[in-house]
Amino acid sequence: MPIIHHHISALRATLQLYRAKQQRIALVPTMGNLHDGHLELVKIAKQHADIVVVSIFVNPTQFGVGEDFDSYPRTLDNDVEKLANVGADYVFAPSIDEMYPVLPPPTSVLAGEIAGQLCGQSRPSHFDGVGIVVSKLFNIVQPDVAIFGQKDYQQLAIIKQLVRDLSYAIDIIGAPIVRAADGLALSSRNQYLSESERQTAPILQQELQYLAKQIGDGKYEQQGFEEVLEESRQRITRAGFIIDYLEIKTAELTAIAHKHASVSDNQTFVILVAAWLGRARLLDNQLVTVKQPL
Ligand code: PAF
């Protein structure tokens with residue numbers, strides 16, 4: 001069973017012992033309610049470190065007003081059991097007071113321009129909240145490596161930027177999306193789906209695959225990216241989703257010219273979607289490499 005720490009000082013003292021023995025420490029930050037996607041992050045962490053710390057903290061600063069902070073599932077006992085099966089060593093499960101002596105914290109780690117787009121449009125303070133909590137976790141655990149899922153593509157890009165700009169000596173590993181057999185990306189929020197919504201949900205991933213094929217095959221050359229995306233938005237909406245965004249960006253999340261874009265051979269793009277289905281806001285993304293130059 002992993003050992004649970006609720007206090008920063010106790011966790012720090014414990015980890016110091018491993019550091020003194022030159023052992024590598026990995027951090028897997030989570031908000032709990034763990035599913036196979038999280039467990040995969042732990043398995044990857046074990047390949048890169050001697051000791052794996054999983055943080056479980058439903059971080060209030062990354063939830064906006066009216067979002068699901070209060071109802072977000074808190075399942076610590078179950079989570080710890082699951083973590084035991086994949087060999088996590090420590091769980092850090094602090095209280096809100098332990099993490100935030102003052103709430104909201106007067107200090108912020110601004111996530112910058114990259115955070116203003118995509119999820120940042122509808123959740124304007126979200127990435128500032130992610131930035132501060134991840135910075136605190138990095139300072140508390142001082143890991144050699146930290147693992148984040150690629151499902152939250154924008155979050156991963158922002159964390160890489162944070163590590164670069166604040167000179168954290170931490171390797172960031174992006175772990176591939178883990179999917180259910182029908183293609184739905186695993187997420188703690190999938191449990192908000194009703195049975196019939198759960199049947200509909202995989203359409204999002206199917207649409208991304210279809211779009212990736214169209215773009216990979218060069219359909220955007222005649223129509224421009226925006227028209228191809230718009231047809232896709234209409235299909236997703238007809239299936240019952242309310243789209244937050246469906247966009248195509250460079251892999252670094254910079255904008256690309258939509259109409260008759262000049263695309264170089266083997267250039268990689270990412271198609272990103274966020275869409276509501278009932279109470280669940282689903283996120284997914286798909287990389288696409290354009291093979292033929294225009
Ligand atoms: O991806 C998440 O679960 C959260 O945003 C994170 C990185 C644990 C920060 O609270």
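One-based numbering, in listed order, for ligands and for the atoms of each. Residue numbers count from 1 along this sequence.
- Between Tyr72 and Asn59, the side chains place no donor N or O within less than 3.5 Å of an acceptor N or O (distance only, hydrogens not considered).
- Here the rule is side chain to side chain contact (heavy atoms under 4.5 Å, CB included) with Ile173, and of Leu41, Ile147, Leu156 only Ile147 fits it.
- Polar contact with ligand 1: absent for Asn59 (N/O pair, distance under 3.5 Å).
- The shortest N or O to N or O distance between Thr30 and ligand 1 is not below 3.5 Å.
- Within the listing of ligand 1, atoms 1 (O), 2 (C), 4 (C), 5 (O), 7 (C) sit less than 4.0 angstrom from a heavy atom of Gln155.
- Here atom 10 (O) of ligand 1 lies nearest to Gln62 when heavy atoms of Gln62, Met31, His126 are compared.
- The Val133 neighbourhood of ligand 1 comprises atoms 9 (C), 10 (O), with distances under 4.0 Å to a heavy atom of that residue.
- Numbered from 1 in the order shown, with element, the atoms of ligand 1 that lie under 4.0 Å from a heavy atom of Pro29 read 8 (C).
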Stepwise side-chain hydrogen bond (donor to acceptor under 3.5 Å, both in side chains) test for Thr14 and His5
CA-CA 10 Å; Thr14 303; His5 280 294; 3.2 Å; yes

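- The distance from atom CG of Asp182 to atom CD of Gln205, rounded to the nearest 0.5 Å, is 9.0 Å.
- The side-chain tip of Arg74 points at the ring of Phe69 from less than 6.0 angstrom away and within 45° of straight on.
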